[in-house]
Trainee: 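Below is a structure I'd like to ask you about.
Convention: sequence-line order gives letters A, B, ...; per-chain numbering from 1.
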Number of protein chains: 2
Amino acid sequence: MTEPSPGIAGLHQRIPFLLSQLGVHIADDFVVRLEPFGVGPRTFAVLTALSADDGQSQRQLATLLGIHRNAMVAVVDKLESQGLVKRTPHAQDRRAFAIRLTDKARELLPALDAQGRLQEETITAMLTGQERDALRHLLQRVSTGLGMSPGVHPRLAER
Amino acid sequence: MTEPSPGIAGLHQRIPFLLSQLGVHIADDFVVRLEPFGVGPRTFAVLTALSADDGQSQRQLATLLGIHRNAMVAVVDKLESQGLVKRTPHAQDRRAFAIRLTDKARELLPALDAQGRLQEETITAMLTGQERDALRHLLQRVSTGLGMSPGVHPRLAER
DNA sequence: TATTGTTATACTCTATAACTATA
DNA sequence: TATAGTTATAGAGTATAACAATA
């Protein structure tokens with residue numbers, strides 16, 4: 001007689017499945033966490049990119065984040081309507097805008113960062129500090145080994 | 001003077017971001033791997049569930065996998081059109097169907113499983129056997145700690 | 001001729017409700 | 001009255017192509 005197939009329970013032993021299951025859940029959870037601030041994944045990514053290098057053009061942001069430039073228009077529209085960025089003239093290229101964070105955005109950024117930290121604490125609550133470090137290192141090695149760009153989320157580009 | 005914000009590069013230090021980045025990438029990769037077999041995430045999930053317990057009703061499958069019963073219709077339609085399952089009369093309930101794997105499906109399942117193993121080897125190629133075990137255990141603990149059902153992928157239900 | 005930003009359109013997916021036949 | 005399965009419709013989200021202004 002043949003033993004029964006493990007079925008979906010067997011997926012719990014597969015590293016790719018565990019990563020996929022956890023990753024998608026966490027991505028959804030992060031969306032929920034940002035919702036009260038009126039920020040979505042794409043607007044969050046643009047705000048974060050500008051926090052390190054303010055005044056980038058929409059093209060630069062699109063290339064950096066893997067978002068199509070057509071889609072970037074709506075993202076910047078949204079941020080501008082919320083008063084979080086301004087489209088200012090670009091010094092070297094009159095076709096382009098320099099996108100700049102407003103003071104309101106600079107006040108908001110720490111709160112968004114706090115959500116990221118809170119999420120990390122929640123997710124790793126059952127791990128020791130050593131285990132967190134070990135997990136972080138393993139994930140970084142896998143991510144780098146797969147050739148992924150640090151900090152660039154593949155869902156921003158969309159299929 | 002203030003030092004520049006780490007921007008998106010700082011996300012590379014965050015466990016939730018790494019999990020989300022890797023997980024979404026891996027989920028997309030798995031879709032690509034299954035494509036040549038004409039199988040998608042939802043049909044794969046149903047085939048896997050039936051491999052452990054054949055003859056389940058659409059309602060049972062929907063509840064088990066987190067797919068809405070309305071959406072389950074199209075999934076079973078697809079599988080039936082491919083000759084991978086049959087809708088057979090349900091022994092106890094004339095409203096319901098017992099969904100049963102065909103011989104063709106039983107021949108296909110090992111190939112799908114092989115793709116899962118191949119993906120795991122590819123993703124963990126840069127890790128030692130010990131490190132793979134450590135990673136698997138850490139992920140299982142995090143997944144269980146978050147109350148996720150083993151083997152149930154949150155993307156099947158869709159937003 | 002190529003590029004930045006923009007707009008419009010078509011396409012895909014999903015969520016919701018309503019229907020039938022049985023229980 | 002509730003449930004299994006089905007169908008239809010509307011809505012959100014995305015990709016594609018084409019456009020004007022500037023390089």
Trainee: Between D:dA15 atom C1' and A:R69 atom CZ, what is the distance in whole Å?
Mentor: 13 Å

Trainee: Counting only pairs under 3.5 Å, give me each side-chain donor-acceptor contact of residues 13-20 of chain B, with atom names and distances, residues two or more places apart or in other chains.
Mentor:
from	atom 1	to	atom 2	distance (Å)
B:Q13	OE1	A:Q140	NE2	3.2
B:R14	NE	A:E120	OE1	3.2
B:S20	OG	A:H153	NE2	2.5

Trainee: Could you tell me which residues satisfy side chain to side chain donor-acceptor pair (under 3.5 Å) with B:T43, sequence neighbours excluded, listed by chain and number?
Mentor: none

Trainee: Which atom pairs, donor and acceptor, lie under 3.5 Å between side-chain atoms of residues 65-76 of chain B and protein residues at least two apart or in another chain?
Mentor:
from	atom 1	to	atom 2	distance (Å)
B:H68	ND1	B:N70	N	3.0
B:H68	ND1	B:N70	OD1	3.4

Trainee: Who pairs with B:D133 by side chain to side chain contact (heavy atoms under 4.5 Å, CB included), at least two apart in sequence or on another chain?
Mentor: B:R136

Trainee: Tell me: NE2 of A:H68 to C1' of C:dT3, nearest whole Å?
Mentor: 13 Å

Trainee: Round to the nearest Å and state the distance from A:R155 atom CZ to D:dA15 atom P.
Mentor: 11 Å

Trainee: Under 4.0 Å, heavy atom to any atom of DNA chain D: which of residues 48-63 of chain B qualify?
Mentor: B:S57, B:Q58, B:R59

Trainee: Please name all residues satisfying side chain to side chain donor-acceptor pair (under 3.5 Å) with A:R33, sequence neighbours left out, ordered by chain then number.
Mentor: A:D29, A:Q115

Trainee: With B:T144, which residues qualify under side chain to side chain contact (heavy atoms under 4.5 Å, CB included), at least two apart?
Mentor: A:H12

Trainee: List in chain and number order the residues that pass salt bridge (charged side-chain N to carboxylate O under 4.0 Å, His left out) with A:R87, two or more places apart in sequence or in another chain; answer none if no residue qualifies.
Mentor: A:D77, A:E80

Trainee: Rounded to the nearest Å, what distance is computed from the CG atom of residue B:N70 to the P atom of nucleotide C:dT16?
Mentor: 10 Å

Trainee: Check this for me: does any side-chain nitrogen of one of B:D28 and B:R155 sit under 4.0 Å from a carboxylate oxygen of the other?
Mentor: no

Trainee: Rounded to whole Å, how long is the line connecting atom CD1 of B:I67 with atom P of D:dG5?
Mentor: 13 Å

Trainee: Do any of residues 72-100 of chain A sit with a heavy atom less than 4.0 Å from DNA chain D, and if so which?
Mentor: A:D93, A:R94, A:R95

